[in-house]
Amino acid sequence: MGPLPRTLELFYDVLSPYSWLAFEVLCRYKNIWNVSLQLRPTLIAGIMKDSGNQPPALLPRKALYVNDVRLLGQYLQVPIHLPKDFFFVIFEKGSLTAMRFLTIVKLEHPELLEKVSRELWMRVWSRDEDITEPQSILAAAEKAGMSTGRARELLERVSTPQVKNQLKETTDAACKYGAFGLPVTVAHLDDETYMLFGSDRMELLAHLLGEKWMGPVPPAATARL
Amino acid sequence: MGPLPRTLELFYDVLSPYSWLAFEVLCRYKNIWNVSLQLRPTLIAGIMKDSGNQPPALLPRKALYVNDVRLLGQYLQVPIHLPKDFFFVIFEKGSLTAMRFLTIVKLEHPELLEKVSRELWMRVWSRAAEKAGMSTGRARELLERVSTPQVKNQLKETTDAACKYGAFGLPVTVAHLDDETYMLFGSDRMELLAHLLGEKWMGPVPPAATARL
């Protein structure tokens, strides 16, 4: 048996389009590199509050820089389209229920976490659809392969202490690693742990792992035994 | 003769280590890709003032993220070492004279701009200092003129140009393609730039450039 896979933790929030970019690239490489990808649903609003940072969109000139995420979406082959009312989606609607739902999905059906996360991103960052109403979240869960009944059960529990605390713990863990935003990728190597911020540190990550970078859309993964 | 080279403008300040990373990668690729690299000395303090942004180091948790620039320095093979008193260097000393000096170098000796810029980055951000090849006498002459209106205005114009492109920080790379102009912020958009140019990305340290006729 070869060397043990290195753990990569990805702290993400579906409200963050750059988190989606990081997520897709890592999901592609998790079957190519010798890594174990741990998805960690996090609340970006909590990161901002704890670090004293503010969402870039609050600075006018950064808000105008939206073409960046669109260009990256094209290059990374992630179907990002900006919502019509970008500010309302980010600042008024937020992602609290969605991230609590992903938290309980991770607790109860970790094998569905990747798909449900993707469906939520597709709603808010591709099709400009809501992710705050119960029926929105149910729709995403169903599309990911969860039965309506089961999805409804989990949704009923999103405001229980267990789920609220778990989301808070994950958010605190990201903060302890030094996060001031999302996405954050934490790479656990033999001798060192690296915290990398942003979707644009993947080539560097490959270098730190001693793995090969084949661009953001690598050829289909060869199966690993 | 092949297609005309596309113009890339790099707005940079030697006070910005990420500007150094962008600069080195683009200097490597300028002899590989079909581009014309225009170096534009800019004042990052002016960008911050005009955009209302603030240097990341002012947020405590971003200030702690300094390992990022070190790791990138290693990977990009740029000898970045953090100055002992990082905050003093950035906020007290700044880069006004240095960037005015580069402005006049660009006006009077554009062929030396790359080397002098690199020499200044080496002084601020690396322990090694090399000579850029300018005679001491000539350097002194130019230095005497850094506070003339001509030089002050040129630096201001370049900084304003970056702001007009939408800059809220540095480095900013502006790529002029046939049908569109792209403004890219940061040292981490070079692979994307290659894609936009229809060129090949061979990592931050490409094999030595093949000579272009």
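Proteins come first, then strands; the chains are lettered A, B, ... in the order of their sequence lines, and each starts at number 1. Since this is a predicted model, take the numbers as computed values, not measurements.
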For residues [X] and [Y], report the shortest heavy-atom separation together with the two atoms involved.
X        : Y        : result
A:Tyr65  : B:Phe185 : OH-N, 2.6 Å
A:Phe180 : B:Arg61  : CD2-O, 3.7 Å
A:Leu204 : B:Leu71  : CD1-O, 3.9 Å

Proximal component of [X], with respect to chain A [non-hydrogen, under 4.5 Å]:
X        : result
B:Pro204 : both
B:Asp50  : both
B:Asp68  : side chain
B:Leu196 : side chain

- Message: I'd like to know whether NZ of A:Lys93 has more than 12 heavy-atom contacts from other residues, nucleotides or ligands below 6.0 angstrom.
- Response: yes
- Note on the structure: d(B:Leu64 CG, A:Ser51 OG) to nearest 0.5 Å is 11.5 Å
- Task: To the nearest 0.5 Å, tell me how far A:Glu203 CD sits from B:Tyr75 OH.
- Result: 3.5 Å
- Intermediate values then yes/no, side-chain contact (heavy atoms from CB on, under 4.5 Å), A:Arg201 and B:Leu72: CA-CA 9 Å; A:Arg201 289 289 178 275; B:Leu72 289 172; 3.5 Å; yes
